Amino acid sequence: MAQALFPPLGKDLVGLEGLTREQIIGILDTAEPFKEISERPIKKVPVLRGKTIVNAFFENSTRTRISFEFAEKRLSADTVNFSAGGSSVAKGETLVDTARNLEAMRIDMVVIRHSSSGAARFLGERIASNVVNAGDGKHEHPTQALLDMLTIRDHLGRLEGVKVCIVGDILHSRVARSNIIGLRTVGAEVAVCGPATLMPARIEELGVTVFRRVEEAIEWADVLNVLRLQLERMQAGFVPSLREYNRVFGITEERLARAPRQLLILHPGPMNRGVEIDSAVADGPHSVILQQVTNGVAVRMAVLYLLAGGKPEAAEAAKTEVAL
Amino acid sequence: MSRVLITGGRVVDPSQGLDQVLDLLLVDGQVAELGENLTAPEGTERIDARGLVVTPGLIDVHVHLREPGGEHKETIRSGARAAAAGGFTAVVAMPNTSPPIDNPAAVGFVRAAGMRSGGARVYPAGTITVGQKGEQLAEFGELQEAGAVTVTDDGRPVMNAGVMRLALEYALSFDLPVSVHEEDLNLSYGGSMNEGIIATRLGLTGIPNAAEDVMIARDLFLAELTGGRLHIQHVSTREGVRMIREARARGVRVTAEATPHHFTLTDEAIESYRTNAKMNPPLRSAEDRDAVRQGVADGTLDVIATDHAPHHYDEKEQAFEDAPNGIVGLETAVGLSMSELVHTRLIDLPTLVERMSCAPARAFSLPGGTLRPGSPADVTLIDPDLEWTIDPEQFLSLSRNTPFAGRRVRGRAVRTLVGGVTVWTLPSR
């Protein structure tokens, strides 16, 4: 993919809100050459050699943390993982104190996941290091949306005009917000579908179509991005039962068979098979769920590379450098 | 014998229908005389009030002084002095302290500390229920005997409608107003700002207007049923304003507050996760803000109160959802009210004085709210055209949590007298 110059991302990546189309496409284009590094026997280039990155996970996550860690290690950064359970946060230390301590250790970048919306921005405003948001509360999860977009582009060859419907718990989903913002910025059409109890107030003002019934969404869409239904949502009464959810909103083979066109199926994982998505669909020919995971590493490499001052036009050259 | 003669000011006292240039003589802590060209014997303190507005002392019926338990945020002394610096001569201190003010000894403590403060008068509020748990009524009779002027579980609603009914009925024996924070916790649960597009964009859980409205509706019905005196705090919704208006027209005994922040700001002030704009009830939409303004103008919201809620800076220096609710308000209320309501010609100056002095005194049966001879010599001098910039560093409050830092306003209290004694003067004067 051709590399083009685009405006620098700035110090932090706290969300896709505020990024231009050129910046988003630029990140995706920068990710392209990094994909190949993961296919090599020695998966390492020296792009971030000497840089120190802290993965500060105040909220549990396995796959996002591992994906970032792979991205960092493949760029030769030194990484430290920090999780809230084993930290002084559990002893009552505030986010700002944690930030100051990290800063005092002269680190270069922080990848933060936090249960509070706005936490990444909060941190970014208070420390000089680059901050990458790996998911903040119900706000944004920008690298997930970027990897979703990269995966869609890989398969459909474009993003502009593509119809993407996000299905499930939109209310609590940072993935949905970042996808809505990012996809609309690059010219895709976006819809959301799910129970009204899991739909944020005035969501249509974000420029999305709202489908009440999943059959309508399937009829409309080119791509379904299926979100996980978290069990605690059911316990909190947002939906009456998992069984009912599957019957009304589940993405099943039978429902997909009635689609007017073949749909691309995405899911950010982890999946509840038999709830929001049936196994036959998750493992079926139109599922690109595992490719999303692969693309996740490349996208995160691109983001870290660009925030560290890497030039988009030099990304191709960077991958040919030899790691020592 | 102490004498103070305030000369040449525009005396605005809606309790007597007064709005004219007069002299005001205060003797031994009471208003002695109002008239033209008053004379007084030698030794009388003279205050030249030319160009100033002379009003009955402003009264704020809703402040949090945090003592006991939160002295790092505010003490009764610092709060009473901040009140004086804002032009208030009396405040009603909310009882949601730690421990809560739910017994006569605690009421006595607040009262005594207020008397020693050297600032505004401090009237304690007692809780409606023991420990603010919403279950068992506190001893209203003993609370009142100790000095409580109202009962409220402010900070929390009384969720049990049966308990609320009993509170309104039982308070009748003592003619106590029951002040209520209206919030259905089941509807607001987990919310940290107004429900709407901004909450959706920021990924914050919203609090719908309905969380407030259903409780206002319930309590208006209960006040109608019992004949009790209901005072609704910090109304923030258009539906709430409408229901109060209709209830009052039916004869329900209800008074209600508007706060300067709810008639000035909308939830757009939260952008960028500004914790200094986080409060409960939350800042709402422009339609709600306009309805609150209209409610102040037509008297549906007959009282302006600040809900002064100090917090230490590091408590607000957190991720939005983790930060506490509330802003300081005592020292910004006159500037904001003058700028937003009077200078915009929504209401005139006498109406503002009515909302900030006369009506609060009536609603809580407090001394003051008038300059009639024989009344307490509580007086506020306001420069209606003084332009100034809100600078939290200048606050006498121990806390600085305000979304109004740097805002230009017009109108300011420049001198405050309590019992005929000047307790605060604007330093530059």
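Quick note on labels: first sequence line is chain A, next is B, and so on, each numbered from 1. Below, each value reflects all heavy atoms present in this structure, side chains not excepted, and no hydrogens, waters or symmetry copies. As the structure is a prediction and not an experimental result, all values here were calculated from the model.
- We find the CG-OG distance between B:L204 and A:S116 to be 9.0 Å, quoted to the nearest 0.5 Å.
- Under a cut-off of 6.0 angstrom, the local environment of CG in A:N60 is sparse, with at most 12 non-hydrogen atoms contributed by other residues, nucleotides or ligands.
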May I have the step-by-step check of side chain to side chain contact (heavy atoms under 4.5 Å, CB included) for B:D322 and A:L95, ending in yes or no? CA-CA 10 Å; B:D322 301 328; A:L95 180 57; over 6 Å; no

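- Contact annotation: the side chain of B:I198 never approaches that of A:R202 to less than 4.5 Å [non-hydrogen atoms, C-beta and beyond].
- Taking NZ of A:K138 as the start and OG1 of B:T205 as the end, the distance is 3.0 Å to the nearest 0.5 Å.
- The minimum heavy-atom distance between A:A201 and B:E195, with the atom names listed, is CB-CG, 3.5 Å.
- Counting non-hydrogen atoms of neighbouring residues, nucleotides and ligands closer than 6.0 angstrom, the CD atom of B:E271 exceeds 12 such neighbours.
- Considering A:E140, A:E205, A:E17 in turn, A:E17 is the only one that fulfils the side chain to side chain donor-acceptor pair (under 3.5 Å) rule with B:R201.
- With rounding to the nearest 0.5 angstrom, the CG atom of B:D314 is 8.0 Å from the CG atom of A:D97.
- For chain B, no part of A:H172 is nearby; none of its heavy atoms comes within less than 4.5 Å.
- The NE2 atom of A:H139 sits 11.5 Å away from atom OG1 of B:T200, with the distance rounded to the nearest 0.5 Å.
- For B:S272, the parts sitting under 4.5 Å from any heavy atom of chain A are the backbone and the side chain alike.
- Heavy atoms from other residues, nucleotides or ligands lying under 6.0 Å from NZ of A:K163 number more than 12.
- Residue B:R408 qualifies as enclosed at atom CZ: its count of foreign heavy atoms under 6.0 Å is above 12.
- No part of A:R174 comes within reach of chain B, as not one of its non-hydrogen atoms sits under 4.5 angstrom from that chain.
- Of the listed residues (A:P200, A:G15, A:A119, A:S173), the one with the most heavy-atom contacts under 4.5 Å to chain B is A:P200.
- Between A:R177 and B:G203, the shortest heavy-atom distance links the atoms NE-CA, 3.6 Å.
- Scanning all heavy atoms of the two residues, the minimum distance from B:E317 to A:F122 falls at O-CZ, 3.5 Å.
- Annotation for A:R212: atom CZ does not count as buried by contact number, only 12 or fewer foreign heavy atoms lying within 6.0 Å.
- Atom CG of A:D136 is separated from atom OH of B:Y273 by 5.5 Å, given to the nearest 0.5 angstrom.
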